[in-house]
Every structure is written in C-alpha cells, then in structure tokens.
Amino acid sequence: MPSAPSPSPAPGSREPARHDAELTDSLARAEALITLTPDYPEPGVLFRDISALLVDAEALRTVTEALIAPFAGTFDVVAGIEARGFLLAGTIAATSGVGMLPIRKAGKLPNPAASVEYHLEYGSAVIEAPGVLEPGARVLLVDDVLATGGTLAASRQIVAALGGEVAGAAVVLELEALGGRRTAGDVHALFHAAD
Ligand SMILES: O=P(O)(O)OC[C@H]1O[C@H](OP(=O)(O)OP(=O)(O)O)[C@H](O)[C@@H]1O
Ligand SMILES: Nc1ncnc2[nH]cnc12
C-alpha cells in the first residue's frame, strides 16, 4: 500500500477529506502498475519495472506530484540518474518549473566534472555529471527504485563534488529487504516492497 501522503481529516470529522481519499486511490492504482519479473537481469533478482506506470497519464501525474510534495520550494534543480531516473526528473522539472541535471553512466559525457563508482544489486557502475551547477544550487535527487542505496549515495557525492547541496532524495519504490536507506540516507519513498 502507498505510505505517503497520509490523509488529513476535515475539521471536526473522523473521515479523510475526499481529495485525499482520491489521491490515496490514485497512488494505489499507480503502485499496482509496477510489474515484477523474477530472475531478471540475473538469477535471484526480482525486477520491478515502472513502464506501465509511465505510460499511464494519471499514474505518471500522480507519482510526479507525490514525489515532490514534501520538497515544494526547497530545490532549484532536479537530478535524474540514468536511465530510469531521467524519466521522472523530466516530469518533475516541468511540473516544478526548475531545471534538470542529468547524472550519466560513465563514458557518455565529453568532460565530466565528477565521477563516482558504486555497487548495485546486480553489479557495479560509475556515474558522472557535467560541471553545470551554480555554486550552492539545491538539488533534489530522483530515481525509480531504491535497492542497495549505492546509486543514491554515489549521486549525493556527485552533487557535493559539483558544489551543490542535496535538498532531498525521492524514489517511487523502496526495496526494504536490501537496506538501501542505511547507505543512501534519508529518502522519500512512495511505495515499499518488503522482499
Ligand atoms: O539502490 P541501488 O542498488 O543502487 O539500485 C537502484 C538503481 O538501479 C536501477 O538502475 P540501473 O543501474 O539498473 O540502470 P537503468 O536505470 O539504466 O536501468 C534503478 O533505476 C536505480 O538507479
Ligand atoms: N530489483 C530491482 N528492480 C528494478 N530496479 C532495480 N535496481 C536495483 N534492483 C532493482
């Protein structure tokens, strides 16, 4: 079940306001669109795919708004982590009226200003970013899945190396069994999977 945001009752009422109930339903509908594929990309991994959520206009809008809800007015730039994080950072940038910083996988940028190696549930990788941030820019990090937390932790290092400040981190789905929050720090997660 979605965990955020929680419904706020109308004054003098024990019932949630209708718009909050609708938001909860819409989030539950979005969560149900996340598909599970066993043994992908390697044996033992249960892969979560947000493609069906992305292609659904209502689900995409609801998830975009819920990802930024706790951070309104606190960030100047949204950073998306290649590749799936790009998709959400794009919608957040358009919705929030801020710019978007692409954090790329290694070898895609001509002159990376920062580079960090990290480990994932299935392998290791290097991310890089261009030196385009204003000093002190407040950056919201966005990704689809929090698993081991290696990607978000590396992204925090990238933002610091660029001279920015991390305003927060938001993901669609947290895989709790992998303990990523211990590595990635505080993360706003819309949905939680226990396994
Ligand atoms: O918490 P972690 O263990 O670091 O894992 C989470 C990361 O793994 C996936 O990306 P992946 O590297 O598979 O790249 P993709 O977006 O290009 O598919 C996902 O989109 C996150 O970025
Ligand atoms: N199980 C998983 N499903 C989707 N993306 C992931 N990134 C790391 N682990 C993942």
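Whatever order the structure lists them in is the order used to number ligands and atoms, beginning at 1. Since this is a predicted model, take the numbers as computed values, not measurements.
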Write out the residue and atom name of the closest protein heavy atom to [atom], then the distance separating them to 0.1 Å.
atom	answer
atom 3 (O) of ligand 1	Thr148 OG1, 2.5 Å
atom 6 (C) of ligand 2	Tyr122 OH, 3.4 Å
atom 17 (O) of ligand 1	Ala83 N, 3.1 Å
atom 9 (N) of ligand 2	Glu121 OE1, 2.5 Å
atom 6 (C) of ligand 1	Val145 O, 3.3 Å
atom 8 (O) of ligand 1	Leu120 CD2, 3.4 Å
atom 4 (C) of ligand 2	Arg48 O, 3.2 Å
atom 13 (O) of ligand 1	Tyr122 OH, 2.7 Å
atom 5 (N) of ligand 2	Arg84 NH1, 3.0 Å
atom 9 (C) of ligand 1	Arg84 NH2, 3.2 Å

So if I count the atoms of ligand 1 from 1 in the order they appear, which ones are less than 4.0 Å from some heavy atom of [X]?
X	result
Asp144	19 (C), 20 (O), 21 (C)
Asp143	20 (O), 21 (C), 22 (O)
Glu121	3 (O)
Lys105	11 (P), 12 (O), 14 (O), 15 (P), 17 (O)
Glu82	16 (O), 17 (O)

Looking at ligand 1, does Gly180 have a heavy atom less than 4.0 Å from it? no
What are the two closest heavy atoms between Glu121 and Ala147, and how far apart are they?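 So the two residues come closest at OE1-CB, 4.2 Å.
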Looking at Ile68 and Ser96, what are the two nearest heavy atoms and their distance?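 Looking at all heavy atoms of both residues, the closest pair is CD1-OG, 3.5 Å.
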Show the numbers, then the answer: is there a side-chain contact (heavy atoms from CB on, under 4.5 Å) between Thr35 and Ser51? CA-CA 8 Å; Thr35 58; Ser51 297; over 6 Å; no
Quick one: do [X] and [Y] make a salt bridge, cutoff under 4.0 Å?
X	Y	result
Asp144	Arg48	no
Glu82	Arg104	yes
Glu128	Lys108	no

Looking only at distances, please establish whether an N/O atom of ligand 1 is found under 3.5 Å from an N/O atom of [X].
X	value
Leu146	no
Leu152	no
Thr151	yes

I need the single residue from Thr62, Thr24, Asp56 that forms a side-chain hydrogen bond (donor to acceptor under 3.5 Å, both in side chains) with Arg29. Which is it? Asp56
Output all residues satisfying salt bridge (Lys or Arg N to Asp or Glu O under 4.0 Å) with Glu65, sequence neighbours left out; order by chain, then residue number.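 Salt bridge (Lys or Arg N to Asp or Glu O under 4.0 Å) check on Glu65 returns Arg61.
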Using a 4.0 Å cutoff against the non-hydrogen atoms of Ala147, which atoms of ligand 2 qualify?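 Heavy-atom distances to Ala147 below 4.0 Å select 8 (C), 9 (N).
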Please report the C-alpha distance between Asp39 and Val45 in whole Å, then the side-chain angles of each, then the deciding distance to 0.1 Å, and finally whether the side-chain contact (heavy atoms from CB on, under 4.5 Å) criterion is met. CA-CA 5 Å; Asp39 300 320; Val45 174; over 6 Å; no
Is the shortest side-chain heavy-atom distance between [X] and [Y] below 4.5 Å?
X	Y	answer
Leu152	Leu141	yes
Ile34	Val172	yes
Asp186	Arg181	yes

Polar contacts were defined as any N/O atom of the residue lying under 3.5 Å from an N/O atom of the ligand; does this apply to Leu46 and ligand 2? yes
Ile92-Val159 co-clustered via ILVMFWY side chain contacts under 4.5 Å: no
Any heavy atom of Leu175 sitting closer than 4.0 Å to ligand 2?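 It does; at least one heavy atom falls under 4.0 Å.
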